[in-house]
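Right, one structure below, let's go through it.
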Amino acid sequence: VTTVSPTYAKEILTEKFGEGLDGVLRNRRADLIGILNGADYQQWRTTNNKFLPSEFSSANLTGKYKNKLLIRKEFELPSKGKRTPIYSFIGRLAHQKGIHLLLETLPHLLSKYKIQFMLLGTGDPYLENECHQIASQFPNQIRILTEYNESLAHRIKAGSDFLLMPSLYEPCGLNQMYSLRYGTIPIVNAVGGLNDSITDINKYPRFGNGFKITQLNKKSLSNAISRSIKLYSNPNKLIRIRKRVMKIDFSWNKGANR
């Protein structure tokens with residue numbers, strides 16, 4: 001019995017995550033294994049990528065900044081230069097993805113900090129409407145794009161500084177892996193594959209690759225974003241971590257072997 005990450009293999013043995021199958025899975029515990037999903041780096045690459053207007057690499061991050069300027073220009077976000085980080089969310093607008101928590105947390109952070117936010121996704125009409133309502137309150141800081149658009153997903157990810165994934169549960173998740181390859185640092189809830197693929201920068205400064213929250217609430221998410229803002233204010237450290245995360249290998253080589 002296989003599933004898509006080691007942590008999720010443990011989680012589905014519990015009533016909270018087992019969706020009614022936890023008893024069956026506990027009886028098959030000896031046969032259950034979680035193998036982390038892999039990323040397709042032929043598609044998610046920073047050079048020779050038809051979706052990216054400017055290519056870049058861990059050796060030369062100039063194109064990363066150009067992509068940021070271009071995505072701002074494309075969606076008429078006021079240009080704040082290098083001083084203002086862009087946060088993004090890309091995915092289904094569903095309760096499972098933690099959208100409700102983002103909507104609770106963002107207004108305070110947007111008022112307190114000079115940050116910008118972009119969202120790309122479709123889903124629950126109520127959540128779509130709520131996103132547009134908040135965007136109307138912060139016209140110079142938010143862009144909401146309720147559509148499915150593969151090319152745009154690449155451009156937003158490449159132009160963002162941080163990716164938000166406060167999922168209630170996430171069997172594996174792939175966006176955090178894609179964002180790492182694009183030098184975009186993930187902020188995640190420590191569940192499923194997010195827990196297995198992301199190591200907190202503050203807790204493990206020598207090899208951390210993102211920011212993790214262990215309690216899914218407004219205070220914890222605000223704290224993680226505040227920590228990321230502090231990192232952003234230290235350009236040398238940010239560049240060093242960007243280069244580090246872009247070199248991490250989440251290809252299928254390891255997973256296929258397992």
Side-chain angles (χ1 to χ4, degrees), residues 4 8 11-12 14-21 71-72 74-78 85-113 115-157 159-176 178-179 184 186-195 198 211-226 228:
V4 290
Y8 193 62
E11 290 172 342
I12 57 177
T14 68
E15 185 176 350
K16 180 179 179 181
F17 293 99
E19 299 289 343
L21 288 172
I71 202 69
R72 275 197 179 125
E74 182 176 353
F75 294 100
E76 298 180 346
L77 266 176
I86 294 179
Y87 292 77
S88 62
F89 172 93
I90 299 171
R92 286 185 301 111
L93 301 188
H95 184 75
Q96 178 237 327
K97 297 296 184 179
I99 295 295
H100 61 292
L101 182 60
L102 273 181
L103 296 177
E104 291 174 12
T105 308
L106 276 174
H108 167 70
L109 293 169
L110 290 163
S111 299
K112 184 177 180 181
Y113 299 112
I115 63 175
Q116 294 175 329
F117 175 69
M118 299 190 75
L119 179 146
L120 174 67
T122 61
D124 185 330
Y126 172 79
L127 292 174
E128 287 187 9
N129 183 61
E130 288 292 297
C131 289
H132 286 296
Q133 288 290 329
I134 290 181
S136 68
Q137 300 171 34
F138 299 91
N140 292 325
Q141 292 175 274
I142 296 185
R143 290 294 179 269
I144 304 295
L145 305 141
T146 47
E147 60 182 274
Y148 176 83
N149 188 316
E150 184 180 5
S151 173
L152 186 53
H154 282 262
R155 299 200 306 277
I156 289 176
K157 207 162 275 157
S160 298
D161 297 293
F162 300 98
L163 181 82
L164 293 163
M165 292 186 71
S167 304
L168 278 70
Y169 62 91
E170 195 69 64
C172 178
L174 290 169
N175 273 330
Q176 80 278 14
Y178 302 153
S179 73
T184 300
I187 299 171
V188 307
N189 185 28
V191 291
L194 299 177
N195 185 56
I198 302 302
F211 296 93
K212 285 165 80 166
I213 59 175
T214 54
Q215 294 182 331
L216 197 60
N217 56 47
K218 182 178 175 180
K219 182 178 179 181
S220 296
L221 182 57
S222 294
N223 176 264
I225 294 174
S226 296
S228 72

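Everything numeric in this text was worked out from a predicted model, so none of it was measured.
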(Q) Could you check whether any side-chain heavy atom of Thr214 comes within less than 4.5 Å of a side-chain heavy atom of Ser220, counting everything from C-beta outward? (A) no

(Q) Consider side chain to side chain contact (heavy atoms under 4.5 Å, CB included). Of Leu164, Leu119, Leu110, Leu102, which one does Tyr87 pass it with? (A) Leu164

Q: Using modelled atom types only, decide if a donor and an acceptor are shared between the side chain of Arg143 and the backbone of Glu76 within a distance under 3.5 Å.
A: yes

Q) Of all heavy-atom pairs between Tyr169 and Gln96, which one has the smallest distance, and what is that distance? A) O-NE2, 2.6 Å

**Q.** Thr184 side-chain N/O to Leu163 backbone N/O, donor-acceptor pair under 3.5 Å
**A.** no

Q. Is the side chain of Glu170 donor-acceptor paired with the backbone N or O of Gly193 at a distance under 3.5 Å, no angle test?
A. no

Q) Is the backbone of Gln137 close enough, under 3.5 Å, to the side chain of Gln141 for a donor and an acceptor to pair up by distance? A) no

(Q) If you compare all heavy atoms of Ile71 against all heavy atoms of Ile86, which two are closest, and at what distance to 0.1 Å? (A) CG2-CD1, 4.3 Å

Q) Is any side-chain heavy atom of Ile134 closer than 4.5 Å to a side-chain heavy atom of Pro107? A) yes

What side-chain donor-acceptor pairs closer than 3.5 Å can you find for residues 14-21, not counting sequence neighbours?
| unit_1 | atom_1 | unit_2 | atom_2 | d |
| --- | --- | --- | --- | --- |
| Thr14 | OG1 | Glu11 | O | 2.6 |
| Thr14 | OG1 | Phe17 | N | 3.4 |

Q: Could you note down all residue pairs passing salt bridge (charged side-chain N to carboxylate O under 4.0 Å, His left out) where residues 212-226 supplies at least one of them, sequence neighbours left out?
A: none

Q.
Testing the 3.5 Å rule here: is there a donor-acceptor pair between the side chains of Tyr113 and Ser226?
A. yes

(Q) Closer than 3.5 angstrom, by distance alone: can the side chain of Asn175 be matched with the main-chain N or O of Met165 as a donor-acceptor pair? (A) no

**Q.** Within residues 99-109 or reaching into it, pairs that qualify as side-chain hydrogen bond (donor to acceptor under 3.5 Å, both in side chains) - sequence neighbours excluded
**A.** His95-His100

Q) Is the backbone N or O of Gly123 less than 3.5 Å from a side-chain atom of Glu128, with the two atoms forming a donor-acceptor pair by type? A) yes

